[in-house]
Amino acid sequence: MSGNTTRSAAIEAITNRRPLSVEAPQPLSDIWACDVFNSAKMEQYLSKSAFKAMKNTLQTGAPLDAATADIVAAAMKDWALSKGVKFFSHIFYPMTNATAEKHDGFIIADADGHAITEFTGSLLIKGEPDGSSFPNGSLRMTNAARGYTAWDPTSPAYIMHTSNGSTLMIPSVFMSWTGEALDKKIPLLRSNTAMNNAAQKVLSLMGETDIATLNSSCGAEQEYFLIDQNFANQRPDILLAGRTLFGAPPAKGQQFDDHYFGAIPERVQIFMQDFEDQLYKLGIPAKTHHNEVAPGQFEIAPYFEAANVAADHQQLLMTVMKNTAKKHGLHALLHEKPFAGLNGSGKHVNWSVGNATQGNLLDPGNTPEENLKFLLFCGAVIRGVHLHGPLLRAVIASAANDHRLGANEAPPAILSVYLGDQLEKVFKDIQSGNLMPSVSGGEMDLGLSQILNFNRDPGDRNRTSPFAFTGNRFEFRAVGSSQSVSGPLVAMNTMLADSLNWIAGKLEAALATGLDQPTAVVSVLKELMEKHGKVIFGGDGYSAEWHTKAVEENGLRNIPTTADALPAFLEDSVKTLFKSTGVLSPAELESRYEVYSEQYILAIEVEAKLVVDMATTSIYPAAMSYLSELSDAIDSAASIGVAMDASLAKTLAEHTNAMTTAVTALSLALEEDHFLSAETQMKYCANDLRSLMDDVRACADALEGIVPDASWPFPKYSEMLFIK
Ligand code: ADP
Ligand code: MG
């Protein structure tokens with residue numbers, strides 16, 4: 001079929017599409033977490049003592065003994081079998097942004113040939129996938145051993161259904177035989193521990209005696225695009241790279257600002273409700289959905305949960321989204337910039353830390369004492385972002401997110417902190433000595449009233465900041481839509497742990513000199529602000545002035561591409577940060593650098609090859625056949641004595657030639673394979689390959705404006721964005 005016929009067939013299919021017959025809505029109470037082996041199910045299926053042991057593990061992260069693991073395994077099996085499950089799988093989270101799983105049957109045959117089922121504690125606890133094909137950044141080559149998975153009891157097991165079978169999924173860590181982390185879960189669990197240890201110190205110095213285990217929380221807002229599957233199937237770039245590598249801007253884009261919070265198209269609404277029902281069954285608290293800025297762009301935000309569970313749920317949410325979209329004839333695009341010229345997609349990671357006894361420590365609270373703790377934790381974040389901005393940039397670096405960061409609608413690639421006017425003033429006053437607490441008659445006299453009174457939900461959200469305080473949490477807005485939230489959470493927890501350790505040291509020393517608690521806290525914060533206050537920025541993060549000032553006056557780093565960002569993993573300060581907190585060893589960090597840089601290079605190479613392929617095998621033929629049509633017509637006209645205006649044919653020929661030249665240059669560039677290091681190769685991808693790809697695209701997009709619509713080989717932006 002020609003471009004014309006496949007495209008019109010797609011449009012016809014969409015026009016005649018019958019809506020998917022969906023089940024009648026089910027009450028939330030019937031479906032909520034029905035496929036999850038959560039606390040409530042455990043209580044039902046476990047003995048009292050086993051449930052108590054399990055609960056302790058959930059609350060404190062303490063390891064589970066073997067006997068209890070056996071009991072839990074048996075209960076899990078009984079529950080799963082009762083729901084028709086025959087297989088189980090340890091699901092894990094390799095260093096790619098994907099998930100991985102290997103399925104095993106519960107079944108074994110006994111000597112008499114009867115099928116019986118078996119699931120012991122040791123089977124539950126440990127799996128041995130042949131992990132050799134997962135990226136390990138040289139970690140496993142050194143000992144030639146296989147990786148293995150281990151059950152994470154703090155993230156609930158759940159059941160995934162297909163139309164004719166169901167599998168029990170067991171969230172797991174993935175490590176080498178020597179215990180090195182090969183995944184994204186281990187560092188997240190370790191970073192929580194490090195944060196807890198450090199926070200305990202600070203809280204006891206603040207006079208707290210009853211301090212429950214602290215945990216970090218995460219609520220992620222997920223943006224995505226939906227297009228009809230018929231269009232996606234005709235775009236190799238969307239299928240293989242997740243974004244359009246070609247496509248002229250449509251006459252109507254997002255300039256009318258009419259999509260954000262607009263009425264949700266019915267087909268999409270039906271998809272969303274189905275999607276959310278799947279999430280509810282899996283115990284994922286989907287809470288908000290709405291249209292986003294660009295046409296065809298939407299957002300879903302589950303309610304926040306413990307970071308480790310939220311991270312697993314976030315991966316699951318992306319899987320369920322793609323599968324459910326397919327069911328509805330839609331294709332979900334999680335790429336950070338699927339369409340040039342339109343808003344990209346992010347995943348805002350809302351993050352806070354707290355526990356059962358002190359509550360959320362990033363919530364200002366209602367008393368002077370609570371406020372002091374809040375200021376210390378908030379100060380710790382400020383210090384962390386200042387010291388480790390490049391790390392925060394590195395953990396969100398990817399070929400895809402590079403298209404978004406620093407573009408005019410997305411957070412800049414400079415990491416600064418937004419606090420809101422009032423809180424910023426509090427910290428600035430502390431820095432300048434204008435806010436001094438005094439104690440009279442044993443009562444704290446509040447110079448601190450200023451803090452108490454500040455408005456907790458600053459209405460004027462700064463949407464241009466990559467890292468913003470939003471009343472009772474920080475929102476890391478620069479995270480990309482397709483990314484795992486683990487990397488950002490690990491970086492935030494770890495920098496917080498490090499800063500809280502620093503604060504504990506300073507506070508202890510200040511208190512030892514006999515200062516009262518408020519004065520000691522303010523003196524520590526004053527020093528902190530003098531060193532790190534320059535990371536605070538309340539203005540327009542998208543503006544050119546800030547980009548200059550941030551670098552020249554505030555000494556912050558502008559890190560435009562992944563090639564510039566990833567080497568942060570090798571910096572001494574980052575190695576020390578992770579080693580001192582016990583979150584990642586230098587070898588583990590280096591392996592991450594290796595894996596992420598390899599992924600970046602592969603991503604760009606795949607795109608570059610696709611550009612060559614699509615330009616050569618689809619766009620060039622379309623252009624040439626129109627050129628020959630035009631030339632023939634001009635010749636025929638000449639033969640009857642009419643001289644036709646040949647300028648369009650000439651322009652067409654010029655763009656076609658220019659495209660051929662650009663394709664040749666890109667093909668040649670792709671052959672280059674002598675690189676001194678991963679870093680030089682990344683730079684080559686960022687600076688050379690990417691700009692050569694842009695050259696090809698510019699010519700191809702110009703051709704799209706000349707070649708007859710009927711013979712253009714790929715669905716156009718206007719079709720993908722507006723036909724549903
Ligand atoms: P907005 O679009 O205004 O940023 P949303 O309501 O879309 O806000 O999303 C806010 C996200 O922040 C939700 O996932 C919410 O559950 C989460 N959140 C709220 N409070 C906290 C908290 N204390 N810690 C972590 N996440 C939180
Ligand atoms: Mg938000």
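Predicted model only: the values in this text are computed from it and were never measured. FYI, side chains are in, hydrogens and waters are out, and symmetry mates aren't considered; it's all heavy atoms of this structure. Whatever order the structure lists them in is the order used to number ligands and atoms, beginning at 1.
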**Prompt:** Of the backbone atoms (N, CA, C, O) and the side-chain heavy atoms from C-beta on, which set of Lys287 has a member under 4.0 Å from an atom of ligand 1: side chain, backbone, both, or neither?
**Reply:** neither

**Request:** Give a yes-or-no answer on whether the side chains of His348 and Glu475 include a donor-acceptor pair shorter than 3.5 Å.
**Result:** yes

**Prompt:** For ligand 1, which atoms sit closer than 4.0 Å to a heavy atom of Asn472?
**Reply:** 23 (N)

**Item:** Within reach of ligand 1, part of Asp363 (heavy-atom separation under 4.0 Å)
**Value:** neither

**Backbone or side-chain N or O of Glu221 under 3.5 Å from ligand 1 N or O** = yes

**Sub-4.0 Å atoms of ligand 1 with respect to non-hydrogen atoms of Asn360** = 23 (N)

**Request:** Have a look at His290, Arg473, Gln222, His289 and point out the one with the heavy atom closest to atom 27 (C) of ligand 1.
**Result:** Arg473

**Request:** Would you mind running through ligand 1 and noting each atom that sits below 4.0 Å from a heavy atom of Glu299?
**Result:** 7 (O)

**Complete:** Across all chains, not counting sequence neighbours, the ring-ring contact (aromatic ring centres under 6.0 Å, His included) partners of Tyr158 are none

**Asked** Does one side chain, of Gln59 or Thr213, offer a donor that lies under 3.5 Å from an acceptor on the other?
**Response** no

**Request:** State whether the shortest distance between N or O atoms of Ser352 and N or O atoms of ligand 1 falls below 3.5 angstrom.
**Result:** yes

**Request:** Calculate, to the nearest 0.5 Å, the distance between atoms CG and CD1 belonging to Asn558 and Ile414 respectively.
**Result:** 4.0 Å

**Request:** Pull out every atom of ligand 1 sitting under 4.0 Å from any heavy atom of Pro302, numbered as shown with elements.
**Result:** 13 (C), 14 (O), 16 (O)

**Request:** Name all pairs fulfilling the salt bridge (charged side-chain N to carboxylate O under 4.0 Å, His left out) condition that reach into residues 187-202, sequence neighbours left out, sorted by first residue then second.
**Result:** Arg190-Glu588

**Request:** Give a yes-or-no answer on whether the side chains of Asp152 and Asn308 include a donor-acceptor pair shorter than 3.5 Å.
**Result:** yes

**Asked** Do we see a donor-acceptor contact under 3.5 Å between the side chains of Lys347 and Gln314?
**Response** yes

**Message:** Polar contacts were defined as any N/O atom of the residue lying under 3.5 Å from an N/O atom of the ligand; does this apply to Ala301 and ligand 1?
**Reply:** no

**Prompt:** Backbone, side chain, both or neither: what part of His348 comes under 4.0 angstrom of ligand 1, heavy atoms only?
**Reply:** neither

**Prompt:** How about Asp402 and Thr562: does a side-chain donor come under 3.5 Å of a side-chain acceptor?
**Reply:** yes

**Asked** Between Cys218 and ligand 1, does any nitrogen or oxygen pair lie at a separation below 3.5 Å?
**Response** no

**Request:** Answer yes or no: is there an ion pair linking Asp429 with Lys425, defined by an N-O contact shorter than 4.0 Å?
**Result:** yes

**Message:** Could you tell me, atom by atom, which parts of ligand 1 come under 4.0 Å of a heavy atom of Tyr303?
**Reply:** 16 (O)

**Asked** Below 3.5 angstrom, do we get any N/O pair linking Asn350 and ligand 1?
**Response** yes

